[in-house]
S.K.: 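Submitted below is the structure of interest, expressed as structure tokens.
So that the names make sense, note that chain A is the first sequence line, chain B the second, and so on, each numbered from 1.
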Number of protein chains: 2
Amino acid sequence: MPAYPFAPESPGSATVASPVRVEPPPSPRGWAASCAVDLVLLSPRQGRLAVFLERSTGERAGDEPSWALPWGTPWPTDATLDDCARRIAARALHHEDAPPLTWLAQAGTFADDRQHPGRIELSVGIVATVPAGARQPDAPSGESSGAWFTEVPPLHDRHRAVLDAAVAAIRLSIDTAPVAFRLLPATFTLSELQQVYEILLGHRLHKASFRRALLAASLVEATDDWRSEGRGRPAQLFRYAPRRRRPRRRGVRFDLLRG
Amino acid sequence: MPAYPFAPESPGSATVASPVRVEPPPSPRGWAASCAVDLVLLSPRQGRLAVFLERSTGERAGDEPSWALPWGTPWPTDATLDDCARRIAARALHHEDAPPLTWLAQAGTFADDRQHPGRIELSVGIVATVPAGARQPDAPSGESSGAWFTEVPPLHDRHRAVLDAAVAAIRLSIDTAPVAFRLLPATFTLSELQQVYEILLGHRLHKASFRRALLAASLVEATDDWRSEGRGRPAQLFRYAPRRRRPRRRGVRFDLLRG
DNA sequence: CCAATTAGTATCAGTCTGGTACTAAAGTCA
DNA sequence: TGACTTTAGTACCAGACTGATACTAATTGG
């Protein structure tokens, strides 16, 4: 824990300070913008990553995109942006009580020219995982508002950017947060887990190495159940149960640098 | 490149879609909030990470914190939030032309109860690096507005959260973005580079392994210059010059998972 | 000239990766 | 029933990588 300790730097640096706030905000309360949370719900489907989209109203006639990410403006009852995202997910997935979100993270904030379906000026992108198998309950007759896509239709530029940022964020988190486990039900086979990793990483993994490293890390715990999926030997079911904090490697990975 | 391909999921899923935007926004334009960019400028100083803070005006008498992150509300001339951050950095560091920012990333957006020095409702945290040695030019007589801190004084809760998120973000980026190099001048010794890695990682590194891995990754290029820093053998200067795209490891790092 | 200090290298044992090839247990089909 | 296919899971091994120890190299300060 070296971190940032404080106390002005020893003499020589500019320690004199005077109240400065040179830019006069347009209004006393400061600049106000229309804000929204744009939600990227991700779930593995058919060996790919799927995203949940809703029908876009198309603000004006002739608008191209007819699908959009679930989104909404924060409400006073939302204590945090994450809470706002959960509320939006509950509406979109028709889980009014508790939407099946197992992981949630921010995925960029955008306030540029790119168009938002609701003409929102500032978008906060939030990405969340929905475990495989946690399908939303059927919407009340004909009221289903969206669908899971594995091939993305045209979106508003802003939503396209949010989606790209969300996928980048979940991929970046794969090593430091148990996102892969969050994309699976409570019990799963090691082949299923490996497939999720392969989806997120974008390449195949070596089976023996994957299991060896996983078991060595004491992240999973075998159950007594086995699942027979059609033909082939049944697979043992595991659950995510991180045990001992293993000593992690101290070295630096220079091979991951890009740009 | 597997990614998210599209086309609604095969039959069985809810593909029916109707225009839904059930929540009526308070205003036709949607909910508007006061927004600001809170900037975390980081630079290595004396073997630690230092952050640049400005005197806080203290909105009302009796306010505790007297230091704050540089911040500002977006201007119409800011094409993006990053541009806004660069403008704020230019003012704070008195580099009106081009502030010496070498890397820039978002570090969370906050819209919760935690107090902002300007009573802003929504804060976009942005973290940027200033290379060691790139000191801001002396401010016009007595007008210096801030200082670099290695020990953090009390801040408004919102700024404390932004700072924590910024440090977490830069640490998370260390393996995938050349942040360590961005915290150094154009040429540097390998010991200096190792020290920056140690500051960011929070623990010591093995010298031989560090150099071996760094050289193997073809990330740096030796110059003809050597620097003698007081006693001890002079060190060769290197520059960041990533060459060949080396085949990166395909395995999974389970040892980095936390929580 | 010698000690202290910092830069940089050599060697080596233990570990980890990923390739190949194997065994195990189920279904399918003749 | 018995071969064949399919998926799960393991064994072995050569090569690569890590980190510990110990070394050499070059400079400053006495």
S.K.: For B/Ser228 and D/dT27, is the shortest distance between a side-chain N/O and OP1 or OP2 below 4.0 Å?
M.R.: no

S.K.: Rounded to the nearest angstrom, tell me the gap between atom CG in A/Leu214 and atom C1' in C/dC16.
M.R.: 15 Å

S.K.: Tell me whether B/Glu96 is salt-bridged to B/Arg91, with the criterion being a basic N under 4.0 Å from an acidic carboxylate O.
M.R.: no

S.K.: Between D/dG9, D/dT18, D/dA20, spot the one nearest the side chain of B/Arg212, thanks.
M.R.: D/dT18

S.K.: Can you tell me if B/Asp97 has over 12 outside heavy atoms packed within less than 6.0 Å of its CG?
M.R.: yes

S.K.: Measure from the side-chain heavy atoms of B/Arg211 and tell me the nearest of D/dG9, C/dG8, D/dA11.
M.R.: C/dG8

S.K.: Please tell me if the side chains of A/Val196 and A/Leu184 come closer than 4.5 Å, counting only heavy atoms from C-beta onward.
M.R.: yes

S.K.: May I have the distance from A/Arg204 (atom CZ) to C/dG19 (atom P), rounded to whole angstrom?
M.R.: 12 Å

S.K.: Of B/His206 and A/Ser191, whose nearest nucleotide on DNA chain D comes first from the 5' end?
M.R.: A/Ser191

S.K.: Decide yes or no for A/Val124 and A/Asp38: does some side-chain heavy atom of the first lie under 4.5 Å from some side-chain heavy atom of the second?
M.R.: no

S.K.: To the nearest Å, how far apart are B/Trp226 CH2 and D/dT28 P?
M.R.: 14 Å

S.K.: CG of A/Leu201 versus P of C/dT17: gap in Å, rounded?
M.R.: 14 Å

S.K.: One thing to verify: whether B/Glu198 and A/Arg250 come together as a salt bridge, which I'm taking to mean a side-chain N less than 4.0 angstrom from a carboxylate O.
M.R.: no

S.K.: By nearest atom, which of the nucleotides C/dA10, D/dT18, C/dG8 is closest to the B/Ala213 side chain?
M.R.: D/dT18

S.K.: Between A/Gly232 and A/Ala208, which is nearer to the 5' end of DNA chain C once each is assigned its nearest nucleotide?
M.R.: A/Ala208

S.K.: Base, sugar-phosphate, or nothing for A/Glu229, non-hydrogen atoms under 4.0 angstrom?
M.R.: nothing

S.K.: Can you tell me how far C1' of C/dT17 sits from CG of A/Leu215, to the nearest Å?
M.R.: 16 Å

S.K.: Send over the distance from A/Leu190 CG to D/dT7 P, rounded to a whole Å.
M.R.: 17 Å

S.K.: Let me know the distance between CG of B/Leu256 and P of C/dC16, rounded to the nearest Å.
M.R.: 14 Å

S.K.: Quick check for you: among C/dG8, D/dT10, D/dG19, whose closest atom lies nearest to any side-chain atom of A/Lys207?
M.R.: D/dT10

S.K.: As a test of reading the structure: which of C/dT5, D/dG9, D/dT18 is closest to the side chain of B/Arg231, going by heavy atoms?
M.R.: C/dT5

S.K.: Rounded to whole angstroms, how far apart are CZ on B/Arg227 and C1' on D/dA25?
M.R.: 19 Å

